[in-house]
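Here the structure is laid out as structure tokens; the discussion comes afterwards.
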Amino acid sequence: MINAKDVGAIGDGVADDTAALQLAINDAYAMNEPLYIPNGVYLVSSSLIMPFDSSSVMNRGNYIMGDGMLRTVIKAISPNVVIFKYTQPAPLKFMMGGEISYMTLDGGLHASTTGIQLQALYSHKFSSVQVTGFTNGFNIVNSVIPGDSDACNHIIFDNCRIENCAHWGIYSTLATGNNETSFISIRDTTIEGCGTAVG
């Protein structure tokens, strides 16, 4: 297991931890290890890009865990930030498995922010995650490539709290001719105070 603080993350609520967290995410994926982000407040000023192997049709997922809601907090300090951003590297390449768990993601009420962007994920789980203060809590992205190119299937939300997101708690974009976003399981999850923005 990779510890984010061992590669330079501070988590004191003052330092910008974007570069250190990105390095930790990349290292953990390259070494095929889970990433542990200890208790602390980690500030990020730009999106954290999730590594996405494209060596075969189905590729391994990312596993990231904290110390618990309100103990491990990752907070956006700028607009246009996606805390964890999954982007499909090529058509018909998918990520199988993976989990983000035991943490709080805080958008800081900045404009055009998203807690987690999902794309081309299969059997991915979000467990004991609080997502608060974003424009959209989760955004499941389908692009304009027709066919079964980037759909998400079997996404699991378990014991999550999604709140105070101006537009949507969970938002799935659609495009004509695209495959569906399907088999979403929402268990013991609260969505409240979302959809309050005008327009």
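Along the sequence shown, the residues carry numbers beginning at 1.
In terms of modelled atom types and a separation under 3.5 Å, the side chain of Gln88 and the main chain of Ala120 share no donor-acceptor contact. In this structure, Asp17 contributes its side chain and Ile10 its backbone to a donor-acceptor pair below 3.5 Å. Ser47 contributes a side-chain N or O that, together with a main-chain N or O of Val82, makes up a donor-acceptor pair within less than 3.5 Å. For Asn59 (side chain) and Ser56 (main-chain N/O), a donor-acceptor pair under 3.5 Å exists by modelled atom type. Between the His124 side chain and the Gly97 main chain, a donor and an acceptor come within less than 3.5 Å of each other. Looking at Thr189, its side chain does come within 3.5 Å of a backbone N or O of Cys160 through a donor-acceptor pair. Not a single donor-acceptor pair under 3.5 Å links the side chain of Ser101 to the backbone N or O of Ser127. The backbone N or O of Asn159 lies less than 3.5 Å from no partner atom in the side chain of Asp188, so there is not a single donor-acceptor pair. Checked by atom type and distance alone, the side chain of Asp27 never pairs as donor or acceptor with a backbone atom of Ala30 at under 3.5 Å.
Ring geometry for Phe157 against Phe138 counts as perpendicular: the plane angle is over 60°, on a 0 to 90° scale with 30° as the lower cut.
Leu48 and Leu105 fall within a single hydrophobic cluster, where Ile, Leu, Val, Met, Phe, Trp and Tyr side chains are chained together by heavy-atom contacts under 4.5 Å. Under a hydrophobic clustering in which Ile, Leu, Val, Met, Phe, Trp and Tyr are joined whenever their side-chain heavy atoms come within less than 4.5 Å, directly or via other members, Val44 and Ile2 fall into the same cluster. Criterion: ILVMFWY side-chain heavy atoms under 4.5 Å apart, direct or through other members. Under it, Ile191 and Phe134 are part of a common hydrophobic cluster. Hydrophobic clustering, with ILVMFWY side chains joined whenever heavy atoms are under 4.5 angstrom apart, keeps Val73 apart from Ile37. With hydrophobic clusters built from ILVMFWY side chains whose heavy atoms lie under 4.5 angstrom apart, Met58 shares a cluster with Leu92.
Distance check, rounded to the nearest 0.5 Å: OG1 of Thr72 to CE of Met65 gives 11.0 Å. Interatomic distance, CD1 of Ile155 versus OG of Ser185, reported as 9.5 Å (0.5 Å rounding). Atom CD1 in Ile100 sits 8.0 Å away from atom CG in Leu118 (nearest 0.5 Å). Here CD of Gln117 is found 8.0 Å from CD1 of Ile49. Values are rounded to the nearest 0.5 Å. Atoms NE2 and CG, from His167 and Asn136 in turn, are 7.0 Å apart once rounded to the nearest 0.5 Å. In this structure, CD1 in Ile116 is found 10.5 Å from CD1 in Ile170, a value given to the nearest 0.5 Å.
With contacts defined as side-chain heavy-atom distances shorter than 4.5 Å, the pair Val57/Phe94 qualifies. At a threshold of 4.5 Å between non-hydrogen side-chain atoms, the residues Ile140 and Ile184 count as touching. The side-chain heavy atoms of Tyr86 and Asn62, taken from C-beta on, include a pair separated by under 4.5 Å. Ser128 is not listed as a side-chain neighbour of Asp158, based on a closest heavy-atom distance of 4.5 Å or more. With a 4.5 Å cut-off on side-chain heavy atoms, Phe84 and Ile64 count as touching. The shortest distance between side-chain heavy atoms of Leu35 and Tyr29 does not fall below 4.5 Å. In this structure, the side chains of Asn139 and Trp168 stay at 4.5 Å or more apart for every pair of heavy atoms. Put simply, the side chain of Ser78 does not reach to within 4.5 Å of the side chain of His110, judged on heavy atoms.
Across all non-hydrogen atoms, the minimal contact from Gly8 to Ala20 is C-CB, 3.5 Å. Scanning both residues, Ala15 and Leu43, for their nearest heavy atoms gives O-CB, 3.5 Å. For the residue pair Cys165 and Gly133, the shortest heavy atom distance occurs at SG-N, 4.4 Å. In plain terms, the two heavy atoms of Gly137 and Val131 that are nearest each other are CA-CG1, 3.6 Å. Among all heavy-atom pairs drawn from Ile25 and Met50, the shortest one is CG2-SD, 4.3 Å. Taking each heavy atom of Val7 and Ala24 in turn, the nearest pair found is CG2-CB, 3.4 Å.
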**OP:** Step by step, work out the side-chain contact (heavy atoms from CB on, under 4.5 Å) result for Leu21 and Tyr42.
**Re:** CA-CA 9 Å; Leu21 287 177; Tyr42 301 82; 3.9 Å; yes
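Side-chain contact check for Tyr36 and Asp67: at least one donor-acceptor pair (N or O, by modelled atom type) lies under 3.5 Å. A side-chain N or O of Asp16 and one of Ser45 form a donor-acceptor pair less than 3.5 Å apart.
Applying side chain to side chain donor-acceptor pair (under 3.5 Å) to Thr104 and the options Lys75, Arg161, Gln130 leaves one that passes, Gln130.
Remark: Tyr63 OH is packed, more than 12 non-hydrogen atoms of other residues, nucleotides or ligands lying under 6.0 Å away.
Taking the centre and axis of the six-membered ring of Phe52, the NZ or CZ atom of Arg60 falls outside the cone set by 45° and 6.0 Å.
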